[in-house]
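Read the structure below first, then the notes.
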Amino acid sequence: MFTRPRPSLRRSFTTVLGVAPLVTALVAALGAAPMDTPGDPYSDTELQARTNLLANDAGHNLPPGSSFNSITPQINATAEVSFRVQYVAGLDPTVGRPGVWFGSAGQGEIVHTGDEGGTIPGEAILNDHGDIAFTLGGGGVDNMLYLYDADAGTASRVGTAPVLPNSYSSAAVDNDGNIGFQASFSAGRALAALRDGTGVFYASDRGLDPESPFTYFYTAQYNHAGQIAVKVSTSDDKVTAQELRVFEPDGSSSVLLANQAVDPQSPYKKFDNSIAVNDEGVIAAVAERVSDGAKVVVRTDGETVTEIAAESADGPVRTIEYFRPDINNAGQVVFRAVGPAGQVIYVGDGGDLVEVAAKGDVVATDLGTAQLGQHNTSPVFGGGPTINDRGDVAFAAGVHPEGDNQVEWGTGVFVAYGGGDGSEPPVGEASEEIVATVPEDVGEGSLLISVDQQDRTVQLPEMASLGDRLTTAGELRPVTVTDSRASDPGWDVSAQVSEFVAAEGAGSFGGGFLGWSPTVGSSSDGQVVTPGGVVAPGFPSGEGLSVPRPLGSAETGAGRGSAVLGAGLELQIPVDTTPGVYTAVLTITAI
């Protein structure tokens with residue numbers, strides 16, 4: 001783990017040193033499944049669509065004779081999937097067009113096709129509402145921007161004035177309908193977005209702006225927070241000096257990681273061209289170490305860099321393949337690699353490394369039981385995998401009948417569910433850990449707020465004395481509730497905290513000393529979300545959050561969509577509490 005302060009971050013991060021006065025921490029469960037379903041994660045893999053040569057069979061959920069290759073299927077919060085199809089066969093299978101596929105739970109179809117001879121050069125990326133952004137062109141550098149509207153069931157070309165490039169790439173749509181993209185002009189490139197119906201420049205390279213520090217933008221990615229993450233070069237050769245940056249709509253940006261040519265303290269020589277970003281502005285990338293030349297999958301918020309996996313001759317990851325990793329809001333990173341037995345897709349969080357799919361895995365298809373593989377040494381997987389906040393992973397892979405790789409069953413797009421069956425949105429239980437440190441003495445001190453995206457910890461300010469008690473206050477980690485049930489029955493989210501127990505010694509104090517003021521951070525159009533009531537800390541003898549308390553709710557008929565809930569926390573404890581580090585678990589339940 002490589003840790004170094006990065007003052008240019010858009011958030012303020014600090015490190016707690018020595019014996020701090022009272023500090024509490026909230027740790028969102030990393031990699032938790034959305035539902036409490038028995039069984040191992042990724043034991044349930046479902047075919048979404050399959051293509052094959054007409055000489056073999058008609059394929060599945062695609063017009064017979066259609067084909068795709070080297071695609072990166074996209075997956076949203078409710079395990080809906082989209083991907084581009086290079087060749088959508090018509091009634092005459094010798095005549096085809098490019099198209100976009102959309103579906104879920106093993107069903108789906110082509111929702112838009114371009115002109116004969118056209119191309120969809122980039123991925124078709126969807127938001128949590130099923131809207132899909134993609135580019136469509138005639139085969140040259142003339143790609144236009146399109147948006148598929150899931151509610152209307154139609155796609156149309158999108159104008160981005162006053163940003164009017166010759167060609168578009170790296171298009172993605174957020175949950176508010178804004179579209180981020182990379183804009184190519186005759187003189188250079190820019191990062192831009194269509195926000196609230198108006199084109200906005202984020203940054204331009206030196207070809208467009210002679211004063212720009214950036215000589216080259218590599219492949220960009222846009223997130224639901226309106227940020228664009230991209231590898232940039234600042235050297236004249238467009239290669240030597242490399243930075244991984246996150247750009248804001250106002251044109252500001254933060255360097256989250258740089259290579260050694262830029263930062264002498266960096267342990268990394270260079271980075272692969274494509275990086276991933278989640279909605280918290282945390283990125284994932286593939287880097288090459290200076291020390292041993294090994295490739296590593298890294299995750300960073302700009303302050304802490306975590307190596308998720310590294311190549312080694314005798315480890316589970318022999319080679320990290322040259323495809324962009326993906327990262328979800330829990331900090332899980334999915335990537336392609338070669339393991340001891342062949343190609344594999346892994347998910348890692350900096351602690352555990354879990355196999356999602358591998359060469360030879362047995363899967364169910366429309367033709368019967370199959371295995372992931374090829375008839376020769378060709379790659380098993382096509383393109384890169386993607387992951388949603390539930391831990392579900394979408395990927396494309398070659399398939400053949402179980403036990404016979406000489407029979408061609410083509411290529412399938414699959415979803416490997418992260419412990420659930422994929423049929424319901426993320427409901428059930430989640431938990432947050434609360435850690436409290438009681439000081440040796442109490443007095444005036446500095447206010448410390450720290451958010452560590454790697455362990456999902458929020459550090460609360462120092463304790464202050466109110467005479468008969470010690471007190472501190474801070475913020476609950478955001479809780480996202482996503483509901484896509486057609487019946488729209490509404491939902492309720494509540495939480496209850498356990499007793500605080502000292503890490504060393506026998507000290508403890510009741511969870512009733514913790515109180516909160518719930519808030520609604522955001523909600524989708526049409527939702528009616530109400531925060532729970534204020535619960536005062538139970539000092540000296542109240543129940544506080546030691547019993548279930550409402551965090552938020554949505555009315556029947558107005559709960560579909562995604563809402564972010566939060567709460568201001570307040571902790572009050574007796575002044576004679578034994579010094580030490582205390583931990584409690586806050587269990588959050590959605591029904």
Side-chain angles (χ1 to χ4, degrees), residues 27-48 72-83 103-106 126 128 224 276 278-280 282 284 297 299 306 308-309 316 324-337 339 344-358 361-364 372 381 383-397 412-432 453-456 479-485 562 588-590:
V27 183
L30 190 61
M35 296 183 296
D36 188 10
T37 302
D40 296 330
Y42 309 116
S43 61
D44 180 11
T45 299
E46 183 178 51
L47 177 69
Q48 307 299 310
T72 297
Q74 307 292 312
I75 188 166
N76 69 8
T78 54
E80 293 176 321
V81 173
S82 63
F83 60 88
S104 66
L126 78 170
D128 293 338
H224 292 302
N278 67 15
D279 298 333
E280 303 296 328
V282 181
V297 178
R299 177 188 64 206
T306 300
I308 302 296
R324 181 180 67 82
D326 196 29
I327 182 172
N328 65 14
N329 290 330
Q332 294 174 303
V333 179
V334 63
F335 62 97
R336 270 181 57 174
V344 62
I345 293 173
Y346 284 115
V347 166
D349 60 14
D352 296 326
L353 194 63
V354 180
E355 185 178 290
V356 176
D361 280 0
V362 176
V363 295
L372 303 182
F381 300 105
T386 55
I387 187 169
N388 66 10
D389 287 347
R390 300 163 57 176
D392 307 327
V393 174
F395 64 92
V413 170
F414 295 88
V415 170
Y417 296 103
D421 63 6
S423 62
E424 292 290 338
V427 296
E429 288 192 351
S431 65
E432 297 192 4
Q453 293 295 333
Q454 309 315 318
D455 63 5
R456 317 299 291 174
V479 177
T480 300
V481 183
T482 302
D483 189 354
S484 64
R485 291 172 291 182
S562 293
I588 305 167
T589 304

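No hydrogens, no waters, no symmetry mates; every other heavy atom, side chains included, goes into these values.
- One side chain, N329 or D279, offers a donor N or O that lies under 3.5 Å from an acceptor on the other.
- Q48 contributes no side-chain N or O that, together with a main-chain N or O of F414, makes up a donor-acceptor pair within less than 3.5 Å.
- Every residue two or more places apart in sequence or in another chain that forms a side chain to side chain donor-acceptor pair (under 3.5 Å) with N388 is listed here: D392.
- The two atoms that bring R299 and G331 nearest to each other are NH1-O, 2.6 Å, heavy atoms only.
- Relative orientation of the F395 and F381 rings is perpendicular, given thresholds of 30° and 60° on the angle between their planes.
- Taking all atoms of both residues into account, the shortest heavy-atom contact from L47 to G412 is CD1-CA, 3.9 Å.
- Not a single donor-acceptor pair under 3.5 Å links the side chain of S104 to the backbone N or O of E80.
- Under the 4.5 Å side-chain criterion, counting only non-hydrogen atoms from C-beta, V393 is in contact with Y42.
- Summarising the geometry of A105 relative to Y417, their closest heavy-atom pair is CA-OH, 4.1 Å, with the distance given to 0.1 Å.
- Annotation: the span from I345 atom CD1 to E355 atom CD amounts to 10.0 Å, rounded to 0.5 Å.
- For T386, the side chain to side chain donor-acceptor pair (under 3.5 Å) criterion is met by no residue, not counting sequence neighbours.
- In terms of heavy atoms, A416 sits closest to V356 at CB-CG1, 3.6 Å.
- Distance alone, capped at 3.5 Å, is enough to place a donor-acceptor pair between the D326 side chain and the I387 backbone.
- For the pair I327 and N278, the tightest heavy-atom approach, listed with the atom from each and the gap, is CG2-N, 3.6 Å.
- L372 places a side-chain heavy atom less than 4.5 Å from the side chain of V363.
- Between the side chain of E46 and the backbone N or O of D44, no donor-acceptor pair lies under 3.5 Å.
- Proximity of L353 to P316: side-chain heavy atoms (C-beta onward) are separated by under 4.5 Å at one or more points.
- When all heavy atoms are compared, the tightest approach of P73 to V81 is CB-CG1, 4.3 Å.
- Between the CG atom of D389 and the OG1 atom of T78 there is a distance of 11.0 Å, given to the nearest 0.5 Å.
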